[in-house]
Structure formats: C-alpha cells, structure tokens
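Hydrogens, waters and symmetry mates play no part in the numbers below; they use all other heavy atoms, side chains included. Quick caveat, the model's predicted, so the values are computed rather than measured.
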Amino acid sequence: WRHRQVMLRNRELGRRIAVRTDELEVANARLSALAITDGLTGIANRHALERALARGWQRCLHSGESLAVVMADVDRFKQFNDTHGHQAGDVQLQRVAAQFAREVAGVDELAARYGGEEFVLILPGLSEAAAMQRAERLRLRVARVLEDAGLPGSISLGVAAVVPSADSEPAALMRRADAALYRAKQAGRNCVERAGDSASL
C-alpha cells in the first residue's frame, strides 16, 4: 500500500512538473517574441531588423543575389500628432505598420519599425528595380488606407540594393536607403526615390 501511495505521489508530481515546464516554455516563447516585437505596432522592432539584415546579407553574399532595403518615413508626422493628438498618431502608425506587414512575401523578408515614424523592409533576393515596384505599391496602399480611415497622411520611401561582397557592409546599404529617403522628402514627400548606381558602398 505504501509503495502504491509513493508511486501515485510520484506520478502526480511528474504531471505537475510537466505542466509547469509547458507553462514556462510558453512564457519564454512570449518573452522572446516581445524582445523582437515593437510594442505599439506589433511588427518587428529595430533589434529584429538588425538580425534580419545580417541574415539577408549573409544569404545574398553566398548566393550572389541582390539585397534590397526600403526605408520609409510617415510624412509630417509631428504636425499630424500636434493637430490630432498622440492617440490618433498611434493609430496612424499602426495602420502604416499593418501595410508594411502585408508587403512581406517570403520567409526571409521582414517589415520592421525602425524608430519613431520610420519603417523598413528587408528584401533579400530583390533587385533595386523590383524593390522600387514594391515600394511604390506600398506607398499607394498606405495613402489609400489612411484616406479610408479619415487619417490624412502619406509616406516617403527610399530604396537601395546591392549584391553584398566581402569588402562591403550592411550598414552602408542602410545609409544609402536613408539618403534616398531624404531625397524623397526633399522632392516633396509622398514619393519613392532610389539610391542608384552612383552611390557607393
């Protein structure tokens, strides 16, 4: 009888340990997801972006493919925030982020919030011309979604692409995309600019 009681207690203890282990695994998975997810928009955060950029760079370095980056900025966001309030500004960012998430097609592609009102797409295997088409489609869709929601706004986008080499680095590609984005804003906003071949890594 004692042996049976001990066996029953051990079985119950084992069951409880298994349940607790499962709960801990679920909690750890949630924590891991939080560590790479932007709290406001629900898409990848800057940390996840840096990891995806490094992964995409290595993939394209080995395959000889082009790696494209699309960098975008919500136009006149501070002015929108000041006029409509931070809550409306948050909604605007969430709607823009949702369109970026929709644009992700492959397992290696990533949409991320870069910071503030800036967003980035990492597109391994895409040429600059193909990334320009994706960026223009995204620009039009964001404008339509914001208009439908009664939230005036648009985005400007900069596109850069390169076939990675051993003597180049991902940070330089990001700088080129950022420079193209700056030109889009200088050109009047709500447009897409490309880095072009003249910009060197």
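Looking at Val91 and Arg95, their side chains come closer than 4.5 Å, going by heavy atoms from C-beta outward. When side chains are defined from C-beta on, Leu123 counts as touching Val70, because their heavy atoms get closer than 4.5 Å. Under the 4.5 Å side-chain criterion, counting only non-hydrogen atoms from C-beta, Arg102 is in contact with Arg141.
Screening residues 47-57 for salt bridge (charged side-chain N to carboxylate O under 4.0 Å, His left out) gives Arg46-Glu50 as the qualifying pairs, with residues at least two apart or on separate chains. For residues 105-152, the pairs satisfying ring-ring contact (aromatic ring centres under 6.0 Å, His included) are Phe100-Phe119, with sequence neighbours left out. For residues 131-184, the set of pairs meeting the ring-ring contact (aromatic ring centres under 6.0 Å, His included) definition, not counting sequence neighbours, is empty. Counting only residues at least two apart or on different chains, no ring-ring contact (aromatic ring centres under 6.0 Å, His included) pair has a member in residues 139-165. The stretch residues 180-192 participates, sequence neighbours left out, in these salt bridge (charged side-chain N to carboxylate O under 4.0 Å, His left out) pairs: Asp73-Lys185, Asp75-Lys185. Sequence neighbours left out, the pairs with a member in residues 111-125 that pass salt bridge (charged side-chain N to carboxylate O under 4.0 Å, His left out) are Asp38-Arg113.
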From CA spacing to verdict: side-chain contact (heavy atoms from CB on, under 4.5 Å), Val96, Val142: CA-CA 6 Å; Val96 171; Val142 165; 3.9 Å; yes
Would you please test Leu173 and Trp57 for side-chain contact (heavy atoms from CB on, under 4.5 Å) and show each step? CA-CA 10 Å; Leu173 178 60; Trp57 187 268; 4.3 Å; yes
Val120/Ile122 under side-chain contact (heavy atoms from CB on, under 4.5 Å): CA gap, chis, key distance, verdict: CA-CA 7 Å; Val120 171; Ile122 304 294; 3.8 Å; yes
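When all heavy atoms of Gly116 and Leu93 are compared, the pair lying nearest together is O-CD1, 4.0 Å. Of all non-hydrogen atoms in Glu193 and Ala187, the two that sit nearest each other are OE2-CB, 4.1 Å. The nearest pair of heavy atoms linking Arg176 to Ala195 is NH2-CB, 3.6 Å. Residues Ala184 and Ser156 approach most closely at CB-CB, 4.0 Å, considering heavy atoms. Pairing each heavy atom of Gly64 with each of Val163, the nearest pair is O-CG1, 3.6 Å. Across all non-hydrogen atoms, the minimal contact from Ala48 to Ile36 is CB-O, 3.5 Å.
Between Leu121 and the options Val69, Leu110, Val104, a side chain to side chain contact (heavy atoms under 4.5 Å, CB included) holds for only Val104.
The NE2 atom of His84 sits 14.0 Å away from atom CG of Asp90, with the distance rounded to the nearest 0.5 Å. Here the CG-CD1 distance, from Leu40 to Ile43, works out to 9.5 Å after rounding to the nearest 0.5 Å. Rounding to the nearest 0.5 Å gives a distance of 6.0 Å between CZ of Phe77 and CD of Gln92. In this structure, OG in Ser154 is found 8.0 Å from CG in Leu146, a value given to the nearest 0.5 Å. Rounding to the nearest 0.5 Å gives a distance of 4.0 Å between CD of Glu128 and CZ of Arg194.
Residues forming a salt bridge (Lys or Arg N to Asp or Glu O under 4.0 Å) with Asp82 (at least two apart in sequence, or on another chain): Lys78. Partners of Glu12 according to the side-chain contact (heavy atoms from CB on, under 4.5 Å) rule, which considers only residues two or more places apart in sequence or in another chain, are Arg15, Arg16. For Arg134, the side chain to side chain donor-acceptor pair (under 3.5 Å) criterion is met by Glu103, Glu109, not counting sequence neighbours. Qualifying side chain to side chain donor-acceptor pair (under 3.5 Å) partners for Ser63, counting only residues two or more places apart in sequence or in other chains: Glu65. For Ala54, there are no side-chain contact (heavy atoms from CB on, under 4.5 Å) partners, not counting sequence neighbours. In this view, Arg139 and Glu136, Ile155, Leu157, Asn190, Val192 satisfy the side-chain contact (heavy atoms from CB on, under 4.5 Å) rule, not counting sequence neighbours.
Within 6.0 Å of CD on Gln58 lie more than 12 heavy atoms contributed by other residues, nucleotides or ligands.
Counting only distance, with no hydrogens or angles, the side chain of Ser66 and the backbone of Leu126 share a donor-acceptor pair below 3.5 Å. In this structure, the side chain of Ser168 does not engage the main chain of Pro164 through any donor-acceptor pair within 3.5 Å.
Residue Leu181 is not grouped with residue Leu138 when hydrophobic side chains (ILVMFWY) are merged at heavy-atom distances under 4.5 angstrom, including chains of intermediate members. Note: the hydrophobic cluster containing Val162 also contains Leu53 (ILVMFWY, side chain heavy atoms under 4.5 Å, direct or indirect links).
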